Amino acid sequence: MLDIRFIEENTSAVRKMLADRHYEDKVDLDGLLSAISERRKAVTELDELRARRNRASEEVAKLKRSGGDATKFIEEVRSISGRIKELEETVRSAEERMNEVLLWMPNMLHSSTPIGKDENDNVEIKKWGKPPEFDFKLKPHWELGEMHGLLDFERAAKVSGSMFACYFGLGAQLERAMINMMLDIHITRHGYTEVFAPFLVNTDSMQGTGQLPHLRDDMYKIEDSDYFLIPTAEVSVTNLHKDEIIPEGELPKCYCSYSACFRREAGAAGRDTRGLMRMHQFNKVELVKITRPEDSYEELDKLLADAEVVMQALELPYRVIVLCSGDIGFGASKCYDIEVWIPSEERYREISSCSIYEEYQARRARIRMRPEGGGKAVFAHTMNGSGIALSRAFLALLEVHQGEDGSIKIPQALQPYFGGRERIG
RNA sequence: GGAGGGUUAGCCUAAUUGGUAAGGCAGCGGACUUGAAAUCCGCCGGGCAUUGCGACCCUUGGGGGUUCGAGUCCCUCACCCUCCGCCA
């Protein structure tokens with residue numbers, strides 16, 4: 001959510017942001033501005049009338065107490081009240097139009113976010129590791145998974161449907177080992193606090209972090225209730241501090257959280273249909289930070305580095321890109337993606353997304369900070385990133401570390417979490 | 001699921017048959033002081049305003065209703081507490 005005063009005073013910057021994001025047609029900026037000024041005009045008149053009514057009403061009270069005749073003032077209040085009702089309706093409808101647009105208004109972009117049209121204009125800023133070269137015919141992960149009895153897509157389809165997976169035996173253990181390793185790395189080496197939060201959240205939380213209204217079709221809604229299945233732990237964890245004013249000394253809040261994530265993948269029919277690449281349900285270890293405004297970009301870079309440590313521990317080749325204005329998420333002002341090398345596709349695919357929202361989510365979720373030494377509460381900054389997403393980490397690990405015989409080498413850092421096992425097969 | 005109690009500003013607590021939210025703590029600024037404490041004054045939810053100092057407006061969990069007027073009465077929803085029931 002943007003501040004309406006900011007929008008009024010920086011209209012051309014907002015217009016440029018919408019153009020940079022290719023959002024011009026989706027947001028009625030002029031309608032918003034007119035709703036704001038209509039509201040302001042009505043509120044001014046409303047305030048004056050209310051002041052008159054309050055004065056008259058006070059006279060009524062005085063006269064009643066002293067036993068006098070208040071008829072004249074009662075009549076005055078009655079007549080003013082009619083006009084007040086009209087104006088209240090005007091204000092209400094102006095605010096409704098205002099909020100409708102505001103909820104669909106994306107965040108301003110950070111100056112370091114490159115301007116571009118789509119994913120082709122994202123900027124690569126780093127590469128780590130080398131994509132492996134195989135002198136044999138490599139197997140895709142679903143073949144490796146079925147060969148070792150780690151994965152079963154057919155049975156998952158039986159109990160649920162397509163785009164679900166079932167992990168058996170060492171497969172289930174491997175998934176769990178990776179989750180535990182990631183959590184431990186962040187807790188013990190990076191200073192995060194582990195959180196385990198609900199997987200079902202209400203509409204207000206979904207709106208607080210900006211999934212609603214525009215991603216409604218990507219999420220699962222529970223029938224006959226106000227609950228949604230979380231698409232990421234970002235939602236449940238960030239909203240833990242909703243409606244709070246946090247003392248400056250307690251910032252930054254650094255949380256890491258395991259959760260299952262649920263996505264309808266409504267627009268992705270027919271894509272990545274084989275294997276683990278795209279699932280309706282997958283696991284993820286998420287990193288969430290709430291910080292002082294002045295520290296936020298530094299904290300974002302640290303968060304990215306924290307996620308990278310996991311990639312390195314798993315010995316998975318990756319690159320880091322900065323998303324351009326046409327590709328970056330709705331509420332983010334800047335976003336790094338970590339992309340892992342997928343041998344079977346011979347390209348990099350997203351495995352982590354580290355985004356900063358500045359005040360955008362904080363304003364929606366009303367997360368504020370009380371400055372050291374008192375003073376007016378200000379909005380905190382929020383950010384989050386995958387640290388990292390399972391399923392894709394699982395599939396990358398199978399493919400990258402496969403041998404000619406189909407056996408899979410377990411990276412050394414993971415072995416203690418996997419019963420000391422050095423390989424599968 | 002049922003019954004009862006509750007929700008007042010960051011925290012805690014008042015408010016007559018319905019009469020227009022009173023205080024305390026914490027915090028900030030100032031005065032006083034060598035400095036601090038104590039004391040005193042102002043501020044201390046949001047909006048709007050400002051050339052100049054506010055006789056300005058809204059806010060008692062959310063929404064609606066009754067009334068000239070609602071923290072107070074009615075309806076509804078959310079959440080918290082207690083008890084009963086059911087349940088992994």
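Note on naming: letters A, B, ... go to the chains in the order of the sequence lines (proteins, then strands), and numbering restarts at 1 for each one. Since this is a predicted model, take the numbers as computed values, not measurements.
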- Sequence neighbours excluded, the answer for side-chain contact (heavy atoms from CB on, under 4.5 Å) partners of A/Thr203 is A/Leu212, A/Asp226, A/Phe228

- Task: Search all heavy atoms of A/Tyr297 against all heavy atoms of A/Ile356 and return the closest pair with its distance.
- Result: CE2-CG2, 3.7 Å

- Task: State whether A/Lys62 and A/Glu59 are salt-bridged, where the test is any N-O pair (Lys NZ or Arg NE/NH1/NH2 against Asp/Glu carboxylate O) under 4.0 Å.
- Result: yes

- Query: Can you say whether the rings of A/His241 and A/Tyr255 are parallel (under 30°), tilted (30 to 60°) or perpendicular (over 60°)?
  - Reply: parallel

- Look at the aromatic rings of A/Tyr192 and A/His190 and report parallel, tilted or perpendicular, splitting at 30° and 60°. perpendicular

Can you tell me the distance, in whole Å, between the [atom1] atom of [X] and the [atom2] atom of [N]?
| X | N | atom1 | atom2 | value |
| --- | --- | --- | --- | --- |
| A/Arg92 | B/rG63 | CZ | C1' | 12 Å |
| A/Leu63 | B/rU20 | CG | P | 14 Å |
| A/Glu45 | B/rC58 | CD | C1' | 17 Å |
| A/Met369 | B/rC28 | CE | P | 15 Å |
| A/Arg52 | B/rC56 | CZ | C1' | 14 Å |
| A/Glu244 | B/rC11 | CD | C1' | 14 Å |
| A/Asp204 | B/rC79 | CG | C1' | 13 Å |
| A/Glu88 | B/rG63 | CD | P | 12 Å |

Applying a 3.5 Å limit to both distances, which nucleotide forms a Watson-Crick or G-U wobble pair with [N]?
| N | result |
| --- | --- |
| B/rA14 | none |
| B/rU66 | none |
| B/rG4 | B/rC81 |
| B/rC40 | B/rG30 |
| B/rC53 | none |

- Task: Flag the pair A/Phe394 / A/His141 as yes when their ring centroid distance falls below 6.0 Å, and as no otherwise.
- Result: no

[M] and [N], which share atom name [atom1], separated by this distance in whole Å:
| N | M | atom1 | answer |
| --- | --- | --- | --- |
| B/rC73 | B/rG23 | C1' | 27 Å |
| B/rU50 | B/rA36 | P | 38 Å |
| B/rU60 | B/rG18 | C1' | 15 Å |
| B/rG24 | B/rA31 | P | 23 Å |
| B/rC28 | B/rU13 | C1' | 23 Å |
| B/rU8 | B/rA14 | C1' | 10 Å |
| B/rG5 | B/rC11 | C1' | 22 Å |
| B/rG47 | B/rG10 | P | 13 Å |

- Message: Between A/Ile367 and A/Asn239, is there a side-chain heavy-atom distance shorter than 4.5 Å?
- Response: no

- Test A/Ile185 against every option in A/Asp306, A/Val309, A/Asn180 by the side chain to side chain contact (heavy atoms under 4.5 Å, CB included) rule and name the one that passes. A/Val309

- Message: Could you tell me if A/Tyr220 and A/His280 have a donor-acceptor pair between their side chains, going purely by distance under 3.5 Å?
- Response: yes

Quick one: which protein N/O atoms are closer than 3.5 Å to N/O atoms of nucleotides 46-50 of chain B? Pair and distance per line, please.
residue: B/rC48; atom: OP2; partner: A/Arg5; partner atom: NH2; Å: 2.6

- Message: Please check: side-chain N/O of A/Thr113 versus main-chain N/O of A/Ser333, any donor-acceptor pairing under 3.5 Å?
- Response: yes

Got a list of protein N/O to nucleotides 65-76 of chain B N/O distances below 3.5 Å?
residue: B/rC68; atom: OP1; partner: A/Arg78; partner atom: NH1; Å: 3.2

- Message: Return whichever of A/Ala51 or A/Glu58 has its heavy-atom-nearest nucleotide of RNA chain B closer to the 5' end.
- Response: A/Glu58

- Item | Atom pair CG/CZ of A/Asp3 and A/Arg363 - distance to nearest 0.5 Å | 4.0 Å

- Query: Contact class for A/Asn54 (heavy atom, under 4.0 Å): base, sugar-phosphate, or nothing?
  - Reply: sugar-phosphate

